[in-house]
Number of protein chains: 2
Amino acid sequence: MKLSEARQQFISTWGAMGTHWGINRTMAQVHALLMISPDPLTQDDIMAQLNISRGNVNMNIRDLIDWGLVDRVLIQGERKEYFTAEKDIWKVATQIIKERKRRELDPMMKLMDQLSKVEGDKKDKEVKTFLETISGIKKFGAHADDMLGVLVKSDESWFLSTALKLFK
Amino acid sequence: MKLSEARQQFISTWGAMGTHWGINRTMAQVHALLMISPDPLTQDDIMAQLNISRGNVNMNIRDLIDWGLVDRVLIQGERKEYFTAEKDIWKVATQIIKERKRRELDPMMKLMDQLSKVEGDKKDKEVKTFLETISGIKKFGAHADDMLGVLVKSDESWFLSTALKLFK
DNA sequence: ATTATTTTTCAGTAATTATTGAAAATTCGA
DNA sequence: TCGAATTTTCAATAATTACTGAAAAATAAT
């Protein structure tokens, strides 16, 4: 398999994977492209390589920067902005986990706290089942929060060696 | 807050959360409804409670069954089918992890194996960066696979107590 | 075997989400 | 300060994804 073909395959699959994870296809493709690009790229490079419009590149790059997955790079004596992606997949993963926790887990847990204040007789099975579900989610969320916190703070080699020693 | 209002809130938020995770809103809502319902429901119950069509209920229920999150229940002397969801959130989570691993991680790793056979000079920086990215993903995937395997096989109390002891 | 009930399918349509491209804003060199 | 280069915005449109509802298929009671 030729490099150009392999790159296409990778970009396209990474994009499809994104859609299964609530990430838009193009954003995942831009990320994929930057991950396999040795040097930083401009918006025009990305437009050309992925065949997408300037506006599209711009918006998705901005989102990727918000997610902390892509950085602007200033190149000496160049007017244009260049972009580059973190290539260490462990860092990519922990960054995504950190963001998703902040954007999704934290607000969800806040809501669960509110919902657990629902009024009504706890002997009523409707109320009981509701409260049990909410409380299960709260407990689960608290544990997940703890574990993800440690995961994100630790570095790869420590985490994997310790965890795997334990789990094997 | 009244139970009816809290239920609505929960269903709606669980649905919105689904969309952030590549799950369609309605499927997540049906799941939410079943989780907080003490007794099994029929397709008509779900249609009524979520205001959606029969076809929609049918398709999403089927998907939920495929994911192993919902079961058909036969009720003595009833013609209609009833449906119920697993209410233990730990089991829900491990089931989802198991399925996503099978559907997404496994095929992705198979592809990485293929892509790592790309031809070309490893001194070429395009080739080099590509191969490094692929190999990073492969290593990461293998570790994730091991850990998720243990997570799924273990039961909640064992996993959480062991993991938290280690990580705190 | 006939009929009533229930489930499933799927073509058509609706709703949502993503993309374009051109205009506006910004940036920076001269 | 002006003007060219570059980035950003966003209304219009395209593409995708989800939903409906009625017809077909399946199921089971009589």
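Below, all heavy atoms of this structure are taken into account, side chains as well, without hydrogens, waters or symmetry copies. Chain letters run A, B, ... following the sequence lines, proteins first, then strands; residues in each count from 1.
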Under 3.5 Å donor-acceptor, B/Ser154 side chain and B/Leu151 backbone
yes

Separation of D/dT7 atom P from A/Ile52 atom CD1, nearest Å, is 15 Å

A/Glu81 has its side chain closest, among C/dT7, D/dT8, D/dG21, to D/dT8

Original post:
Yes or no on side-chain hydrogen bond (donor to acceptor under 3.5 Å, both in side chains) for B/Asp155 and B/Ser157, after CA distance, side-chain angles and deciding distance?
Top reply: CA-CA 6 Å; B/Asp155 72 282; B/Ser157 55; 2.7 Å; yes

From CG of B/Asn56 across to P of D/dG21 the rounded distance in Å is 11 Å

Per the under-4.0 Å heavy-atom filter, residues of residues 11-25 of chain B near DNA chain C come out as B/Arg25

note: B/Arg79, atom CZ; D/dA26, atom P; distance rounded to Å ~ 15 Å

Q) Is the shortest side-chain N to carboxylate O distance from A/Asp44 to A/Arg54 below 4.0 Å? A) yes

Regarding the side chain of A/Ser53, the nearest nucleotide among C/dG21, C/dT6, D/dG21 is C/dG21

B/Arg54 atom CZ is separated from C/dT6 atom P, nearest whole Å, by 9 Å

Check: Are OP1 or OP2 of D/dT7 and a side-chain N or O of A/Asn58 less than 4.0 angstrom apart?
Finding: no

Comparing B/Met27 with A/Glu78, nearest DNA chain D nucleotide closer to 5' gives the residue A/Glu78

From CG of B/Asp63 across to P of C/dT7 the rounded distance in Å is 17 Å

A/Gln43 has its side chain closest, among C/dT19, D/dT7, C/dT20, to D/dT7

To the nearest angstrom, the CE-P distance between B/Met47 and D/dT20 comes to 9 Å

B/Met59 has its side chain closest, among C/dG21, C/dC10, D/dT6, to C/dC10

When rounded to whole Å, the CZ to C1' distance for the pair B/Arg62 and C/dC10 reads 12 Å

inquiry  = Using the rule that Ile, Leu, Val, Met, Phe, Trp and Tyr join whenever any side-chain heavy atoms are under 4.5 Å apart, tell me whether A/Val73 and A/Leu41 fall into a single cluster.
reply    = no

The reported gap from CD1 in B/Ile65 to CZ in B/Arg72 (rounded to nearest 0.5 angstrom) is 4.0 Å

Closest of D/dC19, C/dT6, D/dT8 to the A/Arg72 side chain is D/dT8

note: A/Asn60, atom CG; C/dT20, atom C1'; distance rounded to Å ~ 13 Å

Where does the angle between the aromatic ring planes of A/His31 and A/Trp14 fall among parallel (under 30°), tilted (30 to 60°) and perpendicular (over 60°)? tilted

To the nearest 0.5 Å, atom CD1 of B/Ile61 lies from atom CG of B/Leu69 at 10.5 Å

